[in-house]
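Note sheet for the following structure.
Note that the coordinates shown come from a computational prediction; the quantities given were computed from them, not determined experimentally. Start at 1 with the first residue, then count along the sequence.
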Amino acid sequence: ISADVSAFVPVQGELVSMPSYTPAEWVLMSSGKLFSWLTVSGEVARVIWSQYVSPYGSGNINSYAIGNLASQANFRDITVFRFGLEEAIPIDGKLLRKMSYRQGYQWHPSPVPDQTGDSNFVDNDRHVFSAGLGLGLQNPWRDEDVIDFDLFFQYNLLKKRQISKLSS
């Protein structure tokens with residue numbers, strides 16, 4: 001991000017900020033049918049947040065240096081667990097050809113340490129619950145095709161977190 005500043009006095013210089021980060025993520029996933037109608041899936045992901053550097057500005061305006069060098073945010077690497085089930089029911093109706101019920105769970109811990117200093121990153125550990133319904137409807141244009149229609153719901157249960165700032 002670069003910024004131009006307008007003021008009553010001439011301003012010269014530049015300000016550079018580094019605001020974004022995308023963590024590396026290593027995923028181990030498996031899925032399989034326990035029965036012809038029941039599919040089970042599970043996943044474990046390791047998300048590398050420890051390399052995250054706090055956003056910072058650096059540069060100068062009218063020869064006045066602004067900002068400092070990058071500093072570690074002390075984020076933690078996290079392990080995320082996901083689990084899901086799908087029950088598929090074949091139906092041989094004129095309009096409804098198949099139906100699927102889905103449910104899932106995810107545990108997602110926060111990588112953010114307690115924010116007791118100047119920074120204010122807000123995040124919580126969370127439990128994520130999901131449910132879904134899939135309908136396979138007869139395609140009116142082609143007899144052998146099915147049109148899938150899916151509905152889903154997700155609920156995030158955030159764990160309570162209370163932090164007190166250090167007084168300066």
*asked:* Under the criterion side-chain contact (heavy atoms from CB on, under 4.5 Å), I'd like the reasoning laid out for Tyr155 against Val128: C-alpha separation, chi angles, the key distance, then a yes or no.
replied: CA-CA 6 Å; Tyr155 177 74; Val128 181; over 6 Å; no
Would you indicate whether the side-chain heavy atoms of [Y] and [X] approach each other to under 4.5 Å?
X	Y	result
Gln51	Tyr21	yes
Tyr105	Arg82	no
Trp26	Ile48	yes
Lys165	Gln115	yes
Ile89	Ser100	no
Ile91	Arg97	no
Ser41	Phe83	no
Val44	Thr79	yes

Working to the nearest 0.5 angstrom, can you tell me the gap between [X] [atom1] and [Y] [atom2]?
X	Y	atom1	atom2	answer
Gln103	Phe153	CD	CZ	14.0 Å
Glu87	Leu34	CD	CG	12.0 Å
Gln154	Asn156	CD	CG	5.0 Å
Leu137	Ile147	CG	CD1	7.0 Å
Gln106	Phe129	CD	CZ	11.0 Å
Leu158	Lys160	CG	NZ	12.5 Å

Heavy-atom pair of closest approach, residues [X] and [Y]:
X	Y	result
Trp107	Val80	O-CG1, 3.4 Å
Thr39	Ser31	CG2-OG, 3.7 Å
Asp150	Gly134	OD1-CA, 3.2 Å

*Consider only side-chain heavy atoms of I, L, V, M, F, W and Y, link residues closer than 4.5 Å, and tell whether Tyr101 and Leu96 are in one cluster.*
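Yes, one cluster joins them.
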*asked:* Hydrophobic clusters here meaning ILVMFWY residues chained together by side-chain heavy-atom distances under 4.5 Å, can you tell me if Phe81 and Val27 are in one?
replied: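 In one cluster: no.
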*Considering only NZ, NE, NH1 and NH2 on the basic side and carboxylate oxygens on the acidic side, decide whether Arg161 and Asp125 come within less than 4.0 Å.*
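Judged by the 4.0 Å cut-off on N to carboxylate O distance, Arg161 and Asp125 do not form a salt bridge.
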_Test item: Asp114 side-chain N/O and Thr116 main-chain N/O as donor-acceptor pair under 3.5 Å_ =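 Checking the backbone N and O of Thr116 against the side chain of Asp114, no donor-acceptor pair under 3.5 Å is found.
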*Would you confirm whether Arg76, through its side chain, and Ser110, through its main-chain N or O, come within 3.5 Å as a donor-acceptor pair?*
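Indeed, once roles are kept as given, a pair shorter than 3.5 Å links the two residues.
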*asked:* Is a donor from one side chain sitting under 3.5 angstrom from an acceptor on the other, for Asp77 and Ser50?
replied: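 Asp77 vs Ser50: donor-acceptor pair found between side chains.
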_Of Lys33, Lys98, Arg102, the residue whose pairing with Glu86 passes salt bridge (Lys or Arg N to Asp or Glu O under 4.0 Å)_ =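 When Lys33, Lys98, Arg102 are each tested with Glu86, the salt bridge (Lys or Arg N to Asp or Glu O under 4.0 Å) holds only for Arg102.
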*Please state whether the rings of Tyr52 and Phe121 are parallel, tilted or perpendicular, taking 30° and 60° as the class boundaries.*
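Perpendicular, since the angle between the ring planes exceeds 60°.
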